[in-house]
Number of protein chains: 2
Amino acid sequence: MKGVTKLKYTKIPEATIRRLSRYSRCLEEMNGLGEKVVSSAQLANKCLVNAAQVRKDLAYFGEFGIRGVGYYVNDLLQDIKRILGLNKEWRMAVIGIGNLGSALLSYKDFLKQNYKIVAAFDIDPPKVIGRVSEKVGKPVEVLHINRLKEVAKERRIEIGLITTPPSEAQNVANQLVEAEVKGILNFAPAQVTVPDGYMVKDVFFTTILDNLAYLLSNN
Amino acid sequence: MKGVTKLKYTKIPEATIRRLSRYSRCLEEMNGLGEKVVSSAQLANKCLVNAAQVRKDLAYFGEFGIRGVGYYVNDLLQDIKRILGLNKEWRMAVIGIGNLGSALLSYKDFLKQNYKIVAAFDIDPPKVIGRVSEKVGKPVEVLHINRLKEVAKERRIEIGLITTPPSEAQNVANQLVEAEVKGILNFAPAQVTVPDGYMVKDVFFTTILDNLAYLLSNN
DNA sequence: TATTGTGAAGCCTTTCACAGCA
DNA sequence: TGCTGTGAAAGGCTTCACAATA
């Protein structure tokens with residue numbers, strides 16, 4: 001049964017998926033250091049989680065270890081990447097080329113993984129081109145938002161990053177849905193809803209800051 | 001008992017704190033629209049949660065509603081802000097003034113809330129000053145990282161935003177601890193640990209993207 | 001009467017403890 | 001022998017259902 005993705009359980013906790021992502025980051029590092037084998041206890045220790053948790057998380061997807069030994073670092077890394085769907089390139093667009101949007105255009109960590117920004121949109125592209133070209137290593141031309149649907153199809157865009165002001169977020173989300181872009185990473189601090197079959201994940205800096213503020217006020 | 005923050009339970013779920021932040025965003029909006037009263041069902045509907053959840057979340061901190069009526073929008077908003085510790089200004093520093101760091105320097109949503117960036121640091125400030133000044137409305141001078149401790153005390157910095165490359169994150173975190181900056185928002189995709197009494201919250205874009213990638217691959 | 005506040009139930013996640021196995 | 005994989009226990013969070021009450 002080794003290495004077989006069998007999905008015995010239908011519903012996998014979101015926390016498990018987040019931890020897989022964390023394990024992959026740690027394994028990547030170990031791999032770089034030339035480490036060959038790792039036990040659940042060592043990996044858990046490195047990722048600051050419980051060892052049984054590591055084994056349970058992996059058990060949702062199959063059997064990847066060797067009893068008495070542990071896990072082969074590179075094998076496990078590749079398995080986790082496959083589970084997460086990272087064994088392909090994900091083609092993304094950024095919508096809203098302000099400060100945050102243009103920072104994301106040259107965000108190094110996307111490149112290291114299989115995330116590639118292949119298009120950029122704004123309501124006011126000419127104003128913006130100069131600002132972007134001067135900052136981005138490998139420049140992406142900023143197009144007018146009204147070309148989203150056409151270009152999304154052409155460039156096979158699968159994920160949209162919303163970095164507009166919050167007032168525009170739902171509007172942009174609607175256009176992404178219209179363009180059949182199934183995944184949305186929403187940086188604009190506004191609730192956005194999409195139909196079934198589409199996914200939104202929020203990245204709200206202030207929500208996390210609020211969390212910090214609460215903890216700092218009460219500890 | 002109305003409006004009393006009594007903390008009957010010692011341990012409040014982190015999810016509750018995140019939802020309070022969400023409620024406050026919705027209430028802010030309602031307040032802006034001039035709405036005076038809201039029921040838990042209406043607020044829940046707006047925030048896409050369960051109505052009992054709203055009441056339970058609030059019950060951790062006291063009694064804020066009127067049976068048969070609901071909650072006064074502005075009163076509840078102020079109460080939640082007080083609970084979260086947002087009835088004060090939080091003074092922050094950004095460390096690592098690359099693309100992301102300088103985007104955060106002019107991030108509008110911080111200003112709207114009580115988060116204020118009062119200092120910016122980098123290993124290589126001169127190179128960077130030009131790049132920043134041209135982008136930031138109200139400029140913050142970028143200082144050399146070796147002035148962190150001194151300036152943190154001077155400007156009463158309570159939260160540090162790490163936007164360096166991942167290899168530097170732990171090092172910067174150590175310096176923040178040394179400077180007694182109790183809260184850290186870590187944007188660098190690397191595990192960072194701090195002593196008891198200090199707090200780190202991670203903002204890892206790629207972890208959330210990994211989550212999206214998984215969902216898109218399996219739905 | 002309408003809606004809150006809350007005990008209890010239900011559900012989900014984590015951790016324990018050990019059988020199973022290389 | 002030592003570490004994985006997993007059933008069972010423990011723990012925690014969410015939802016239900018209704019008593020309390022403005």
Side-chain angles (χ1 to χ4, degrees), chain A residues 1-23 27 30 35-73 75-76 79-80 83 211, chain B residues 1-23 27 30 35-73 75-76 79-80 83 211:
Chain A
M1 261 285 171
K2 166 127 177 33
V4 177
T5 300
K6 53 184 170 181
L7 276 177
K8 291 185 292 192
Y9 312 80
T10 34
K11 217 279 182 182
I12 284 123
E14 181 162 327
T16 289
I17 302 302
R18 268 200 302 274
R19 280 189 300 266
L20 288 182
S21 180
R22 186 187 276 219
Y23 303 154
L27 290 166
M30 290 177 181
E35 291 170 41
K36 296 300 180 209
V37 176
V38 67
S39 70
S40 60
Q42 291 168 328
L43 185 56
N45 191 49
K46 181 132 183 161
C47 294
L48 306 177
V49 302
N50 177 293
Q53 183 83 79
V54 170
R55 299 197 297 274
K56 204 65 150 187
D57 285 338
L58 295 172
Y60 281 112
F61 300 98
E63 302 187 4
F64 303 97
I66 300 159
R67 292 171 197 226
V69 178
Y71 304 85
Y72 289 116
V73 171
D75 288 1
L76 185 57
D79 283 328
I80 290 178
I83 291 165
N211 219 300
Chain B
M1 261 282 173
K2 168 130 179 27
V4 178
T5 300
K6 54 184 167 180
L7 276 178
K8 290 184 293 191
Y9 313 82
T10 35
K11 216 278 180 182
I12 284 125
E14 180 163 326
T16 290
I17 302 302
R18 269 201 301 274
R19 280 190 300 267
L20 288 182
S21 179
R22 187 187 276 219
Y23 303 154
L27 290 165
M30 290 177 181
E35 290 170 42
K36 297 299 180 207
V37 176
V38 67
S39 70
S40 60
Q42 291 168 328
L43 184 56
N45 190 49
K46 181 132 183 162
C47 294
L48 307 176
V49 300
N50 177 293
Q53 183 81 80
V54 170
R55 299 197 297 274
K56 204 63 150 188
D57 284 338
L58 295 173
Y60 281 111
F61 300 97
E63 301 187 5
F64 304 96
I66 299 158
R67 292 172 195 225
V69 178
Y71 304 85
Y72 289 116
V73 171
D75 288 0
L76 184 58
D79 283 328
I80 289 177
I83 291 165
N211 219 301

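Each chain gets a letter, A, B and so on, in the order the sequences are listed, and its residues count up from 1. These figures come from a predicted structure and were not determined experimentally.
- Taking atom CG of residue B/Leu43 and atom C1' of nucleotide C/dT3, one finds them 14 Å apart after rounding to whole Å.
- Map A/Val49 and B/Val38 each onto its nearest nucleotide of DNA chain C; the residue landing nearer the 5' end is B/Val38.
- OP1 or OP2 of C/dG5 has at least one side-chain nitrogen or oxygen of B/Tyr71 nearer than 4.0 Å.
- With contacts defined as side-chain heavy-atom distances shorter than 4.5 Å, the pair B/Thr16/B/Tyr60 qualifies.
- Note: B/Ile83 CD1 to B/Leu58 CG = 7.0 Å, rounded to the nearest 0.5 Å.
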| Going through the distances and angles, do A/Leu20 and A/Phe61 end up as a side-chain contact (heavy atoms from CB on, under 4.5 Å)? | CA-CA 11 Å; A/Leu20 288 182; A/Phe61 300 98; 3.6 Å; yes
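- An OP1 or OP2 oxygen of D/dT4 is reached within less than 4.0 angstrom by a side-chain nitrogen or oxygen of A/Ser40.
- To the nearest angstrom, P of C/dT14 lies 12 Å from NZ of B/Lys11.
- Contacts of A/Ala15 with the nucleic acid, taken as non-hydrogen atoms under 4.0 Å apart, involve only primed sugar atoms and P, OP1 or OP2.
- Picking from C/dT4, D/dT14, D/dG5 the nucleotide with the shortest atom distance to the side chain of B/Ser39 gives C/dT4.
- Atom pair B/Gln53:CD and D/dC13:P shows a separation of 10 Å (rounding to whole Å applied).
- When the C1' atom of C/dT3 is taken as reference, atom CD of B/Gln42 falls 11 Å away, rounded to whole Å.
- In this structure, CD1 on A/Ile80 lies 13.0 Å from CZ on A/Arg22, to the nearest 0.5 angstrom.
- D/dG5 atom C1' lies 16 Å from atom CG of A/Asp79, rounded to whole Å.
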Below 3.5 Å, can you tabulate the donor-acceptor pairs from side chains in residues 38-48 of chain B to any protein atom, sequence neighbours excluded?
from: B/Ser39; atom 1: OG; to: B/Ala41; atom 2: N; distance (Å): 3.4
from: B/Ser39; atom 1: OG; to: B/Gln42; atom 2: N; distance (Å): 3.1
from: B/Ser40; atom 1: OG; to: B/Arg55; atom 2: NH1; distance (Å): 3.0
from: B/Gln42; atom 1: OE1; to: B/Ser39; atom 2: N; distance (Å): 2.9
from: B/Lys46; atom 1: NZ; to: B/Glu29; atom 2: OE2; distance (Å): 3.3

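- Residue B/Ile12 contributes atom CD1, which lies 17 Å from atom C1' of D/dG11 at whole-angstrom precision.
- Distance CG (A/Asp57) to C1' (D/dT6): 14 Å, rounded to an integer number of Å.
- Side chains of B/Val37 and B/Tyr72 form a contact here, defined as non-hydrogen atoms less than 4.5 Å apart.
- Counting to the nearest Å, the C1' atom of C/dT4 and the CG atom of B/Asp75 are 16 Å from each other.
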| message | Can you build the contact string for nucleotides 16-22 of chain C? Use B for base contact, S for sugar-phosphate-only contact, and - for no protein heavy atom under 4.0 Å. | response | BB--BBB
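- Judged purely by distance below 3.5 Å, without hydrogens or angles, the side chains of B/Asp57 and B/Tyr23 pair a donor atom with an acceptor atom.
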